[in-house]
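These notes are about the structure you will find just below.
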Amino acid sequence: MKLCIHNATVLNGISEMSDCAVLVDGDKIVDIFSEARFLQKSFGDNVLLLDAHGAYVAPGLIDTHIHGFKGHGTDVCTTEGILQMSADLAQYGVTAFTPTMYPAPEQAMIDSIKAIVQAMGKETGAKIMGIHLEGPFISPHKLGAQRPETVKEVDTDLMERLWEASEGHIVNMTVAPELKGMRRLALLCIEKGIVLQAGHTDASYSNMVEGMQAGIFHATHFFNAMSQMHHRNPGAVGAVLIHAEMTCEVIADGIHIHPDLFKLLQKDKTSDKLVLVTDALSPTEVWADKPLFANGEEVVFKGGCFHRKADDVIAGSALTMIRGVKNLVAYGFPPCDAIKCAAANPARIMHFQKKGMLVPGYDSDIIIFDKDFDLKFVMVNGVVVKNMI
(Lines give C-alpha, C1' and ligand atoms only; values in the text may rest on other atoms or scores of the structure.)
Protein backbone atom coordinates (compact mmCIF):
# COMPACT_ATOMS: atom_id res chain seq x y z
CA MET A 1 0.00 0.00 0.00
CA LYS A 2 1.19 3.49 -0.87
CA LEU A 3 0.34 6.06 1.77
CA CYS A 4 1.12 9.73 2.22
CA ILE A 5 0.59 11.18 5.71
CA HIS A 6 0.56 14.97 5.44
CA ASN A 7 -0.15 18.07 7.51
CA ALA A 8 2.01 16.51 10.21
CA THR A 9 4.51 17.45 12.88
CA VAL A 10 7.19 14.84 12.23
CA LEU A 11 9.36 13.52 15.05
CA ASN A 12 11.74 11.48 12.95
CA GLY A 13 14.01 10.25 15.77
CA ILE A 14 16.49 13.06 15.15
CA SER A 15 14.57 16.32 15.18
CA GLU A 16 11.11 17.88 14.99
CA MET A 17 9.78 19.15 11.67
CA SER A 18 6.51 21.05 11.33
CA ASP A 19 4.19 21.03 8.30
CA CYS A 20 5.63 17.89 6.76
CA ALA A 21 4.51 14.79 4.88
CA VAL A 22 5.70 11.17 5.04
CA LEU A 23 5.44 8.95 1.96
CA VAL A 24 5.26 5.18 2.46
CA ASP A 25 5.37 2.42 -0.12
CA GLY A 26 4.50 -0.92 1.45
CA ASP A 27 6.90 -1.78 4.24
CA LYS A 28 9.38 1.04 3.53
CA ILE A 29 9.49 4.79 4.05
CA VAL A 30 10.10 6.47 0.69
CA ASP A 31 10.46 10.16 1.51
CA ILE A 32 9.78 12.97 3.97
CA PHE A 33 9.09 16.42 2.57
CA SER A 34 7.42 19.74 3.33
CA GLU A 35 3.68 20.36 3.18
CA ALA A 36 4.40 22.95 0.48
CA ARG A 37 5.93 20.23 -1.71
CA PHE A 38 3.02 17.94 -0.89
CA LEU A 39 0.58 20.52 -2.26
CA GLN A 40 2.58 20.72 -5.48
CA LYS A 41 2.67 16.95 -6.03
CA SER A 42 0.21 14.89 -8.03
CA PHE A 43 -0.16 11.45 -6.43
CA GLY A 44 -2.91 9.88 -8.49
CA ASP A 45 -5.39 7.26 -7.33
CA ASN A 46 -2.78 4.72 -6.26
CA VAL A 47 -1.71 6.69 -3.17
CA LEU A 48 -3.92 6.92 -0.08
CA LEU A 49 -3.77 10.40 1.47
CA LEU A 50 -4.06 10.76 5.25
CA ASP A 51 -4.40 14.18 6.89
CA ALA A 52 -2.72 14.18 10.32
CA HIS A 53 -4.32 17.52 11.24
CA GLY A 54 -1.06 18.74 12.75
CA ALA A 55 -0.61 15.74 15.05
CA TYR A 56 2.75 14.15 15.79
CA VAL A 57 3.95 11.49 13.36
CA ALA A 58 6.77 9.38 14.82
CA PRO A 59 8.54 6.05 14.45
CA GLY A 60 6.87 3.15 16.23
CA LEU A 61 7.91 2.67 19.84
CA ILE A 62 10.40 -0.08 20.72
CA ASP A 63 10.30 -1.74 24.16
CA THR A 64 13.46 -3.71 24.95
CA HIS A 65 12.49 -4.62 28.52
CA ILE A 66 8.95 -5.93 28.97
CA HIS A 67 7.79 -9.10 30.76
CA GLY A 68 4.14 -9.05 29.82
CA PHE A 69 1.05 -7.10 28.89
CA LYS A 70 -2.73 -7.43 29.20
CA GLY A 71 -2.60 -10.83 30.89
CA HIS A 72 0.05 -12.48 28.71
CA GLY A 73 3.81 -12.66 29.11
CA THR A 74 6.96 -14.63 29.64
CA ASP A 75 6.18 -15.82 33.17
CA VAL A 76 3.54 -18.23 31.80
CA CYS A 77 5.14 -18.39 28.40
CA THR A 78 3.28 -19.86 25.44
CA THR A 79 3.59 -19.11 21.76
CA GLU A 80 -0.07 -18.09 21.68
CA GLY A 81 0.40 -15.78 24.66
CA ILE A 82 3.40 -14.03 23.14
CA LEU A 83 1.50 -13.54 19.87
CA GLN A 84 -1.41 -12.01 21.77
CA MET A 85 1.06 -9.77 23.59
CA SER A 86 2.34 -8.64 20.17
CA ALA A 87 -1.17 -7.81 18.99
CA ASP A 88 -2.06 -5.93 22.19
CA LEU A 89 1.17 -3.92 22.29
CA ALA A 90 0.59 -2.64 18.75
CA GLN A 91 -2.66 -1.03 19.91
CA TYR A 92 -0.53 1.01 22.32
CA GLY A 93 1.98 2.19 19.71
CA VAL A 94 4.67 -0.45 20.24
CA THR A 95 5.85 -1.79 16.89
CA ALA A 96 8.84 -3.87 18.08
CA PHE A 97 9.82 -5.48 21.39
CA THR A 98 12.04 -8.02 23.09
CA PRO A 99 10.06 -10.26 25.46
CA THR A 100 11.99 -10.25 28.74
CA MET A 101 12.46 -13.49 30.66
CA TYR A 102 12.88 -13.89 34.39
CA PRO A 103 15.50 -16.29 35.74
CA ALA A 104 13.99 -19.76 36.13
CA PRO A 105 15.10 -23.41 36.31
CA GLU A 106 16.98 -24.37 33.16
CA GLN A 107 14.29 -26.46 31.50
CA ALA A 108 11.65 -23.81 32.17
CA MET A 109 13.89 -21.19 30.58
CA ILE A 110 14.55 -23.38 27.57
CA ASP A 111 10.84 -24.12 27.10
CA SER A 112 9.98 -20.42 27.31
CA ILE A 113 12.74 -19.46 24.90
CA LYS A 114 11.48 -22.00 22.38
CA ALA A 115 7.91 -20.72 22.75
CA ILE A 116 9.05 -17.18 21.93
CA VAL A 117 11.13 -18.32 18.96
CA GLN A 118 8.11 -20.21 17.57
CA ALA A 119 6.11 -16.96 17.71
CA MET A 120 8.66 -14.98 15.70
CA GLY A 121 7.48 -14.30 12.16
CA LYS A 122 3.83 -15.03 13.02
CA GLU A 123 3.04 -11.68 14.64
CA THR A 124 -0.05 -9.67 13.77
CA GLY A 125 1.17 -6.69 15.80
CA ALA A 126 4.50 -5.61 17.23
CA LYS A 127 7.49 -7.43 15.77
CA ILE A 128 9.35 -9.76 18.14
CA MET A 129 12.97 -8.70 17.68
CA GLY A 130 14.40 -11.42 19.90
CA ILE A 131 14.70 -12.23 23.59
CA HIS A 132 15.97 -10.29 26.62
CA LEU A 133 17.29 -12.53 29.39
CA GLU A 134 17.11 -10.72 32.73
CA GLY A 135 19.45 -13.19 34.42
CA PRO A 136 20.06 -15.85 35.60
CA PHE A 137 23.62 -14.57 36.22
CA ILE A 138 22.71 -11.75 38.60
CA SER A 139 23.53 -10.82 42.20
CA PRO A 140 21.68 -12.55 45.05
CA HIS A 141 22.11 -9.26 46.96
CA LYS A 142 20.15 -7.17 44.43
CA LEU A 143 17.26 -9.41 43.54
CA GLY A 144 14.47 -6.87 43.38
CA ALA A 145 11.46 -9.07 42.65
CA GLN A 146 13.51 -11.99 41.28
CA ARG A 147 13.24 -15.30 43.12
CA PRO A 148 16.50 -16.23 44.92
CA GLU A 149 16.36 -19.93 44.00
CA THR A 150 16.54 -19.07 40.27
CA VAL A 151 19.80 -17.07 40.45
CA LYS A 152 22.89 -18.92 39.23
CA GLU A 153 26.66 -18.58 39.24
CA VAL A 154 28.20 -17.88 35.85
CA ASP A 155 27.98 -20.99 33.70
CA THR A 156 29.09 -20.69 30.07
CA ASP A 157 27.85 -24.20 29.25
CA LEU A 158 24.36 -23.19 30.40
CA MET A 159 24.66 -20.03 28.31
CA GLU A 160 25.48 -22.13 25.26
CA ARG A 161 22.39 -24.26 25.85
CA LEU A 162 20.17 -21.20 26.20
CA TRP A 163 21.68 -19.77 23.01
CA GLU A 164 21.08 -23.02 21.15
CA ALA A 165 17.44 -23.08 22.29
CA SER A 166 17.01 -19.50 21.06
CA GLU A 167 18.33 -20.37 17.60
CA GLY A 168 20.48 -17.25 17.84
CA HIS A 169 17.65 -14.91 18.91
CA ILE A 170 18.90 -13.68 22.29
CA VAL A 171 19.27 -9.92 21.73
CA ASN A 172 20.16 -8.56 25.18
CA MET A 173 21.03 -9.97 28.58
CA THR A 174 21.13 -8.49 32.08
CA VAL A 175 24.14 -9.60 34.14
CA ALA A 176 25.97 -8.63 37.33
CA PRO A 177 29.50 -7.57 36.29
CA GLU A 178 31.03 -8.51 39.66
CA LEU A 179 30.30 -12.24 39.39
CA LYS A 180 33.22 -14.65 39.14
CA GLY A 181 33.71 -15.76 35.55
CA MET A 182 31.83 -12.77 34.12
CA ARG A 183 34.61 -11.75 31.75
CA ARG A 184 34.55 -15.18 30.10
CA LEU A 185 30.76 -15.01 29.80
CA ALA A 186 30.89 -11.47 28.44
CA LEU A 187 33.35 -12.39 25.72
CA LEU A 188 31.18 -15.37 24.73
CA CYS A 189 28.04 -13.22 24.54
CA ILE A 190 29.71 -10.43 22.60
CA GLU A 191 30.99 -12.99 20.10
CA LYS A 192 27.34 -13.98 19.59
CA GLY A 193 26.19 -10.36 19.19
CA ILE A 194 24.31 -10.20 22.52
CA VAL A 195 24.10 -6.73 24.08
CA LEU A 196 25.09 -7.01 27.75
CA GLN A 197 23.45 -4.87 30.40
CA ALA A 198 24.60 -4.33 33.99
CA GLY A 199 21.66 -4.89 36.30
CA HIS A 200 20.58 -6.61 39.49
CA THR A 201 24.14 -5.93 40.51
CA ASP A 202 26.02 -5.16 43.71
CA ALA A 203 29.11 -4.17 41.72
CA SER A 204 31.75 -1.87 43.11
CA TYR A 205 32.91 0.96 40.91
CA SER A 206 35.99 -1.06 39.90
CA ASN A 207 33.76 -4.03 39.03
CA MET A 208 31.79 -1.78 36.71
CA VAL A 209 34.94 -0.48 35.03
CA GLU A 210 36.10 -4.08 34.53
CA GLY A 211 32.69 -4.84 33.05
CA MET A 212 33.07 -2.00 30.57
CA GLN A 213 36.48 -3.34 29.63
CA ALA A 214 34.72 -6.63 28.81
CA GLY A 215 32.05 -4.87 26.72
CA ILE A 216 29.19 -4.21 29.18
CA PHE A 217 28.07 -0.71 28.17
CA HIS A 218 24.32 -0.68 28.91
CA ALA A 219 22.48 -0.65 32.25
CA THR A 220 19.17 -2.26 33.19
CA HIS A 221 16.42 -0.11 34.82
CA PHE A 222 18.91 2.53 35.95
CA PHE A 223 18.98 3.35 39.69
CA ASN A 224 16.92 0.25 40.51
CA ALA A 225 18.34 -3.04 41.83
CA MET A 226 21.95 -1.86 41.66
CA SER A 227 24.65 -0.59 44.01
CA GLN A 228 24.10 3.07 44.77
CA MET A 229 26.56 5.94 44.60
CA HIS A 230 28.85 6.71 47.55
CA HIS A 231 31.62 9.26 47.56
CA ARG A 232 34.21 6.57 48.37
CA ASN A 233 32.73 3.94 46.09
CA PRO A 234 30.63 5.33 43.22
CA GLY A 235 29.10 1.87 42.65
CA ALA A 236 27.02 0.94 39.63
CA VAL A 237 24.99 4.16 39.67
CA GLY A 238 28.12 6.31 39.82
CA ALA A 239 29.82 4.35 37.04
CA VAL A 240 26.89 4.92 34.68
CA LEU A 241 26.86 8.64 35.47
CA ILE A 242 30.63 9.08 35.26
CA HIS A 243 31.31 7.21 32.01
CA ALA A 244 29.92 8.72 28.83
CA GLU A 245 30.21 5.34 27.09
CA MET A 246 27.45 3.90 29.29
CA THR A 247 23.86 3.96 28.13
CA CYS A 248 20.96 3.06 30.38
CA GLU A 249 17.33 2.02 30.55
CA VAL A 250 14.91 4.35 32.34
CA ILE A 251 11.42 3.54 33.61
CA ALA A 252 9.65 6.89 33.35
CA ASP A 253 6.64 6.17 35.55
CA GLY A 254 7.56 8.71 38.24
CA ILE A 255 7.99 5.89 40.77
CA HIS A 256 11.04 3.86 39.76
CA ILE A 257 12.93 7.14 39.21
CA HIS A 258 12.02 10.44 40.83
CA PRO A 259 10.91 12.87 38.11
CA ASP A 260 13.52 15.47 39.12
CA LEU A 261 16.34 12.98 38.51
CA PHE A 262 15.54 13.21 34.82
CA LYS A 263 16.88 16.76 34.94
CA LEU A 264 20.22 15.29 36.04
CA LEU A 265 20.08 12.63 33.34
CA GLN A 266 19.41 15.21 30.63
CA LYS A 267 22.57 17.04 31.66
CA ASP A 268 24.78 14.07 32.39
CA LYS A 269 23.79 11.36 29.89
CA THR A 270 21.96 13.46 27.25
CA SER A 271 19.00 12.04 25.36
CA ASP A 272 21.25 9.93 23.11
CA LYS A 273 22.20 7.67 26.03
CA LEU A 274 18.75 6.96 27.50
CA VAL A 275 16.42 4.11 26.53
CA LEU A 276 12.82 4.30 27.67
CA VAL A 277 11.50 0.90 28.78
CA THR A 278 8.40 -0.19 30.63
CA ASP A 279 9.56 -3.30 32.55
CA ALA A 280 5.82 -3.98 32.43
CA LEU A 281 4.36 -7.09 34.05
CA SER A 282 1.69 -9.40 32.65
CA PRO A 283 -1.17 -7.72 34.61
CA THR A 284 -0.42 -4.32 33.00
CA GLU A 285 -3.64 -2.79 31.63
CA VAL A 286 -5.66 -5.63 33.17
CA TRP A 287 -8.34 -4.00 35.26
CA ALA A 288 -10.09 -7.09 36.58
CA ASP A 289 -11.42 -7.56 40.10
CA LYS A 290 -9.42 -10.73 40.75
CA PRO A 291 -5.98 -11.70 42.07
CA LEU A 292 -3.11 -10.65 39.78
CA PHE A 293 0.08 -12.67 39.31
CA ALA A 294 3.55 -11.99 37.90
CA ASN A 295 6.56 -14.30 37.94
CA GLY A 296 4.57 -16.88 39.88
CA GLU A 297 3.68 -14.56 42.78
CA GLU A 298 0.59 -12.53 43.60
CA VAL A 299 0.98 -8.80 43.03
CA VAL A 300 -1.19 -5.82 43.85
CA PHE A 301 -1.43 -2.54 41.97
CA LYS A 302 -0.91 0.45 44.23
CA GLY A 303 0.78 3.81 44.01
CA GLY A 304 1.11 3.49 40.24
CA CYS A 305 3.04 0.20 40.03
CA PHE A 306 2.87 -3.45 41.06
CA HIS A 307 3.98 -4.62 44.51
CA ARG A 308 4.52 -8.19 45.64
CA LYS A 309 1.63 -8.96 47.98
CA ALA A 310 3.77 -11.06 50.32
CA ASP A 311 6.28 -8.36 51.32
CA ASP A 312 5.27 -5.14 49.48
CA VAL A 313 8.48 -5.13 47.40
CA ILE A 314 8.03 -3.33 44.06
CA ALA A 315 7.59 -6.15 41.57
CA GLY A 316 7.55 -4.13 38.37
CA SER A 317 5.94 -1.41 36.34
CA ALA A 318 2.48 -0.87 34.91
CA LEU A 319 3.82 1.68 32.42
CA THR A 320 3.02 1.80 28.72
CA MET A 321 5.52 3.21 26.24
CA ILE A 322 3.27 6.03 25.03
CA ARG A 323 2.61 7.08 28.63
CA GLY A 324 6.36 6.98 29.23
CA VAL A 325 6.88 9.33 26.28
CA LYS A 326 4.25 11.66 27.70
CA ASN A 327 5.97 11.59 31.09
CA LEU A 328 9.39 12.36 29.62
CA VAL A 329 7.92 15.45 27.97
CA ALA A 330 6.35 16.43 31.31
CA TYR A 331 9.81 16.02 32.90
CA GLY A 332 11.28 18.56 30.48
CA PHE A 333 12.30 16.54 27.41
CA PRO A 334 11.45 18.03 24.02
CA PRO A 335 9.09 15.66 22.18
CA CYS A 336 11.80 14.82 19.63
CA ASP A 337 14.14 13.71 22.46
CA ALA A 338 11.42 11.66 24.13
CA ILE A 339 10.84 9.79 20.86
CA LYS A 340 14.58 9.34 20.48
CA CYS A 341 14.61 7.58 23.87
CA ALA A 342 11.64 5.41 22.90
CA ALA A 343 12.56 4.44 19.34
CA ALA A 344 15.85 5.60 17.81
CA ASN A 345 18.06 4.81 20.80
CA PRO A 346 16.83 1.25 21.49
CA ALA A 347 17.10 0.46 17.78
CA ARG A 348 20.67 1.78 17.64
CA ILE A 349 21.89 0.16 20.85
CA MET A 350 20.29 -3.22 20.09
CA HIS A 351 21.46 -3.11 16.43
CA PHE A 352 17.95 -3.30 14.99
CA GLN A 353 18.53 -2.46 11.35
CA LYS A 354 16.24 0.04 9.58
CA LYS A 355 14.11 0.67 12.67
CA GLY A 356 13.54 3.48 15.13
CA MET A 357 13.57 6.47 12.77
CA LEU A 358 11.48 7.95 10.00
CA VAL A 359 14.14 7.95 7.31
CA PRO A 360 13.91 6.93 3.64
CA GLY A 361 14.65 3.21 3.31
CA TYR A 362 13.65 2.42 6.91
CA ASP A 363 10.81 0.10 7.85
CA SER A 364 7.40 1.77 7.81
CA ASP A 365 6.73 1.45 11.55
CA ILE A 366 4.74 4.63 12.19
CA ILE A 367 2.54 6.06 14.92
CA ILE A 368 0.42 9.22 15.04
CA PHE A 369 -0.57 10.81 18.34
CA ASP A 370 -2.07 14.16 19.26
CA LYS A 371 -0.77 16.83 21.63
CA ASP A 372 -2.37 14.95 24.54
CA PHE A 373 -0.41 11.82 23.54
CA ASP A 374 -3.56 9.93 22.54
CA LEU A 375 -2.73 7.41 19.84
CA LYS A 376 -4.64 7.86 16.61
CA PHE A 377 -2.82 5.60 14.14
CA VAL A 378 -0.37 2.69 14.21
CA MET A 379 1.35 1.05 11.25
CA VAL A 380 3.65 -1.96 11.63
CA ASN A 381 5.83 -2.76 8.63
CA GLY A 382 3.34 -1.24 6.22
CA VAL A 383 0.25 -2.79 7.82
CA VAL A 384 -2.24 -0.48 9.53
CA VAL A 385 -3.26 -2.01 12.89
CA LYS A 386 -4.98 1.04 14.37
CA ASN A 387 -6.65 3.98 12.65
CA MET A 388 -8.73 6.54 14.56
CA ILE A 389 -8.08 9.51 12.27
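The structure displayed is predicted, hence computed values, not measured ones.
- Partners of Lys290 under the salt bridge (charged side-chain N to carboxylate O under 4.0 Å, His left out) rule, at least two apart in sequence or in another chain, do not exist in this structure.
- Partner of Thr98 under the side chain to side chain contact (heavy atoms under 4.5 Å, CB included) criterion, chosen from Ile131, Asp63, Asn172: Asn172.
- A donor and an acceptor atom, one from each side chain of Thr320 and Glu285, are nowhere located under 3.5 Å apart.
- Between the side chain of Asp372 and the backbone N or O of Asp374 there is no donor-acceptor pair closer than 3.5 Å.
- Here the side chains of Ser317 and Leu281 are not in contact, with every heavy-atom distance at 4.5 Å or above.
- In this structure the side chain of Pro99 reaches within 4.5 angstrom of the side chain of Ile128, judged on heavy atoms.
- Side-chain contact, Thr247 with His218: a donor N or O sits under 3.5 Å from an acceptor N or O.
- The number of heavy atoms from other shown groups lying within 6.0 Å of CD (Glu149) is above 12.
- Taking the side chain to side chain donor-acceptor pair (under 3.5 Å) definition, one finds that Tyr205 meets it with His243, sequence neighbours left out.
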- Item | side-chain hydrogen bond (donor to acceptor under 3.5 Å, both in side chains) evaluation trace for Ser282 with His72 | CA-CA 5 Å; Ser282 296; His72 301 279; over 6 Å; no
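- A heavy-atom distance below 4.5 Å is not found between the side chains of His132 and Val171.
- Residue Phe97 is tested with Met85, Met129, Met321, Glu123 for a side chain to side chain contact (heavy atoms under 4.5 Å, CB included); the sole match is Met85.
- The shortest side-chain heavy-atom distance between His53 and Ile368 does not fall under the 4.5 Å cut-off.
- Inspection of the Glu134 and His221 side chains reveals an N or O donor paired with an N or O acceptor under 3.5 Å.
- Applying the 6.0 Å contact sphere to NZ of Lys376 captures more than 12 heavy atoms from other residues, nucleotides or ligands.
- Residues Thr9 and Met17 fail the side-chain proximity criterion, which asks for heavy atoms closer than 4.5 Å.
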- Query: What do the steps show when you test Lys354 against Asp363 for salt bridge (Lys or Arg N to Asp or Glu O under 4.0 Å), and what is the final call?
  - Reply: CA-CA 6 Å; Lys354 304 297 183 181; Asp363 292 345; over 6 Å; no
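- The neighbour count for Met229 CE, taken as heavy atoms of other residues, nucleotides or ligands under 6.0 Å away, does not exceed 12.
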- Message: Go through it in stages, so that I can follow the logic: the residues are Leu83 and Lys122, the test is side-chain contact (heavy atoms from CB on, under 4.5 Å), and I'd like the CA-CA distance, side-chain angles, deciding distance and then a yes or no.
- Response: CA-CA 7 Å; Leu83 288 173; Lys122 301 173 184 175; 4.0 Å; yes
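- Shortest non-hydrogen contact noted between Phe293 and Pro283 is O-CG, 3.4 Å.
- With 3.5 Å as the limit, one finds a donor-acceptor pair spanning the side chains of His65 and Glu249.
- Under a cutoff of 6.0 Å and an axis angle of 45°, Lys371 and Tyr56 form a cation-pi pair.
- A ring-centre distance under 6.0 Å is found for Phe69 and Tyr92.
- Side-chain heavy-atom separations under 4.5 angstrom define the hydrophobic clusters, and the remaining members of the one that includes Val30 are Leu23, Phe33, Phe38, Leu39, Phe43, Val47, Leu49.
- A donor-acceptor contact shorter than 3.5 Å links the side chain of Glu178 to the backbone of Asp202.
- Side-chain atoms of Cys248 and Lys273, non-hydrogen and from C-beta on, never get closer than 4.5 Å to each other.
- Scanning for salt bridge (charged side-chain N to carboxylate O under 4.0 Å, His left out) contacts around Arg184 gives an empty result, with sequence neighbours left out.
- Using a 4.5 Å heavy-atom cutoff, the side chains of Tyr102 and Thr74 are in contact.
- For the residue pair Asp27 and Asn381, no side-chain donor N or O sits within less than 3.5 Å of a side-chain acceptor on the partner.
- Counting only N and O atoms by type, the side chains of His67 and Asp75 include no donor and acceptor under 3.5 Å apart.
- Asp253 and His256 share a side-chain donor-acceptor pair at under 3.5 Å.
- Applying the salt bridge (charged side-chain N to carboxylate O under 4.0 Å, His left out) rule to Glu297 yields the partners Arg308; only residues at least two apart in sequence or on another chain are considered.
- Here the OG1-CD1 distance, from Thr278 to Ile322, works out to 13.0 Å after rounding to the nearest 0.5 Å.
- For Lys28, the NZ atom counts as densely surrounded, since its 6.0 Å shell holds more than 12 non-hydrogen atoms of other residues, nucleotides or ligands.
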- Working for salt bridge (Lys or Arg N to Asp or Glu O under 4.0 Å), residues Lys340 and Asp337: CA-CA 5 Å; Lys340 192 181 295 184; Asp337 284 355; 3.8 Å; yes
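- For residues 158-168, the pairs satisfying side-chain hydrogen bond (donor to acceptor under 3.5 Å, both in side chains) are Glu106-Arg161, Glu160-Lys192, with sequence neighbours left out.
- Contact of the Ile116 side chain with the Met101 side chain is registered, since non-hydrogen atoms from C-beta on lie closer than 4.5 Å.
- For Lys152, the NZ atom sits in a packed shell: over 12 heavy atoms of surrounding residues, nucleotides or ligands are nearer than 6.0 Å.
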